[in-house]
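Report on the following structure.
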Amino acid sequence: MSIDQRRAPSPDLRTPDLAPVDHGRRLLRIETSRVAALIPVRAVAVSAVLVAVIIAAGLASMTIGAYEVDFPSVIRAIVDPASDPDIRQVVFEWRLPRVLFAVLCGAALALAGGIFQSLTRNPLGSPDIIGFGVGAQFGVTLMMVVLELNTYMFKAVGALVGGLITALLVYVLAHRNTLSSFRLIIVGIGVSAGLGSLTSWILISVSVEKAMMAATWGAGSLASLGFDQLVPAAIVFAVVALASLPLNRTLPVLEMGDDAATALGVSPGRTRLSAMVFGVALVALVTAAAGPISFIALAAPQISQRLTRSNTPMDTVPVMLTGAALVVVSDTLAQLVAVPVGVVTVSVGGIYLAWLLAAQYARRS
């Protein structure tokens, strides 16, 4: 193992298997008898720091609650089955699943955001903005309030179907001979507003008890989630994340334009379809489990891209770790002020969105 200080070579446009390479970045060269790989050193360092942040924030969150537990007791309860049974029940059975769910939700939302931002070639092209998250929320609301099906499986089905139908509607309305990222975002904002109005109409048309239940879920909360919900959610996330790995190569190529992507052996239509299905599935997974946790999909890919100095928001591992860190830290703050985590992410994300819009306007003017 050695550090290659040279600039990464330019891609050979005649070779269809090559994706864009980040130029001028320090690369860690790993070689075995069969495999050789170049890994950006900065991405490795950023990932290590993010893992440390996740662990520190997760341990801190497990000390918060009506039953106070200090750091040594938290660690002992996790690693030692013979520790105090009361503390172990609080930490291992009640608080640890919440932290793991925060990691899973953050990673899933960040990966979905990276997929859609790379697909639209626009930092505003996240599920929060283009309506797919609202579509998933609308589907779950129908399941919970209208059909009165409140199990995790039915909510997952409602979120997935609602998100996919919304994605199809936005795609059809935005497609005019070719798919413009600007048109996709504008149409998505309009569809999102319409679905939000329908959701509000449903909530004011039902009983107060049903409306309160849906509103509580709609705030986005990781409370009361245990291993029973975590295990199936983790399995689904692992399957979708592994299935979406080829997008890490094809989406950056698609950012170069359809003609260049076709010349490099990438099918634009098939890649867009796969990206939309996988992205919506990741959003639906989180929405069904914890409700809508806004702005993580918007902010995490951009933060990760700036930290790693990557030329694409689809740098999978740093993007997922950034999202996980954001949700774990946000949930820790949410527990301190006794609000759902969705309230914290909306508050912080609103400020970030205002800054992003101002930066985009300043860059164009």
Side-chain angles (χ1 to χ4, degrees), residues 17-20 37 39 43 47 50 101 103-123 125-130 132-133 135-136 156-157 159-164 166-168 170-171 179 181 184 188 232-256 261 264-289 293 296-305 308 310-327:
D17 292 333
L18 288 179
I39 302 175
S47 298
L50 290 172
F101 242 119
V103 173
L104 186 149
C105 291
L109 290 173
L111 181 57
I115 288 174
F116 284 121
Q117 288 181 19
S118 181
L119 179 65
T120 61
R121 288 174 279 178
N122 193 311
S126 81
D128 306 305
I129 303 298
I130 56 182
F132 301 160
V157 171
L160 182 59
V161 173
L164 287 175
T166 303
L168 178 62
V170 171
Y171 183 86
L179 188 65
S181 62
L184 183 70
I235 293 174
V236 173
F237 171 71
V239 171
V240 177
L242 289 175
S244 65
L245 281 179
L247 296 177
N248 197 39
R249 180 185 68 87
T250 56
L251 276 180
V253 175
L254 198 62
E255 292 180 30
M256 301 166 60
L264 291 169
V266 175
S267 171
R270 189 182 302 116
T271 300
R272 288 193 179 96
L273 178 61
S274 301
M276 294 184 72
V277 170
F278 291 140
V280 170
L282 291 167
V283 174
L285 170 67
V286 176
T287 305
I293 301 177
I296 298 299
L298 174 69
Q302 294 302 307
I303 294 174
S304 173
Q305 189 172 3
T308 61
S310 174
N311 61 358
T312 175
M314 265 299 291
D315 209 352
T316 304
V317 173
V319 165
M320 290 195 297
L321 289 176
T322 303
L326 287 175
V327 176

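Just so it is clear, the structure is predicted and the values come from calculations on it, not from any experiment.
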Taking every non-hydrogen atom, the tightest pair across Leu50 and Ala325: CD2-CB, 4.2 Å
Please tabulate, one pair per line, all N/O donor-acceptor pairs under 3.5 Å involving side-chain atoms of residues 237-245, not counting sequence neighbours.
unit_1, atom_1, unit_2, atom_2, d
Ser244, OG, Val240, O, 3.2
Ser244, OG, Ala241, O, 2.9

Ser47: which residues meet the side-chain contact (heavy atoms from CB on, under 4.5 Å) condition with it, sequence neighbours left out? Val317, Pro318, Leu321
For Pro127 and Gly113, the nearest pair of non-hydrogen atoms, with its separation, is CD-CA, 4.0 Å
Which residues satisfy the side-chain contact (heavy atoms from CB on, under 4.5 Å) test with Ala324, sequence neighbours excluded? Ile54, Val103
Would you check if the side chain of Gln117 reaches a backbone N or O of Leu298 as a donor-acceptor pair within less than 3.5 Å? yes
Residue set satisfying side-chain contact (heavy atoms from CB on, under 4.5 Å) with Thr120, at least two apart, ordered chain then number -> Asn122, Ser181, Leu184
Taking all heavy atoms of Met276 and all of Phe132, pick out the closest pair and write down the distance. CE-CZ, 3.8 Å
Side chain of Ser274, backbone of Arg270: donor and acceptor closer than 3.5 Å? yes
Minimum heavy-atom distance between Gly323 and Ala110, given as atom pair plus value: CA-CB, 3.6 Å
Exercise: identify the closest heavy-atom pair between Ala300 and Thr322: O-CG2, 3.7 Å
What residues form a side chain to side chain donor-acceptor pair (under 3.5 Å) with Gln305, not counting sequence neighbours? none
What's the shortest heavy-atom distance between Val280 and Leu160, and which atoms? CG1-O, 4.2 Å
By side-chain contact (heavy atoms from CB on, under 4.5 Å), Ala275 pairs with (sequence neighbours left out) Ile115, Leu119, Leu247, Leu251
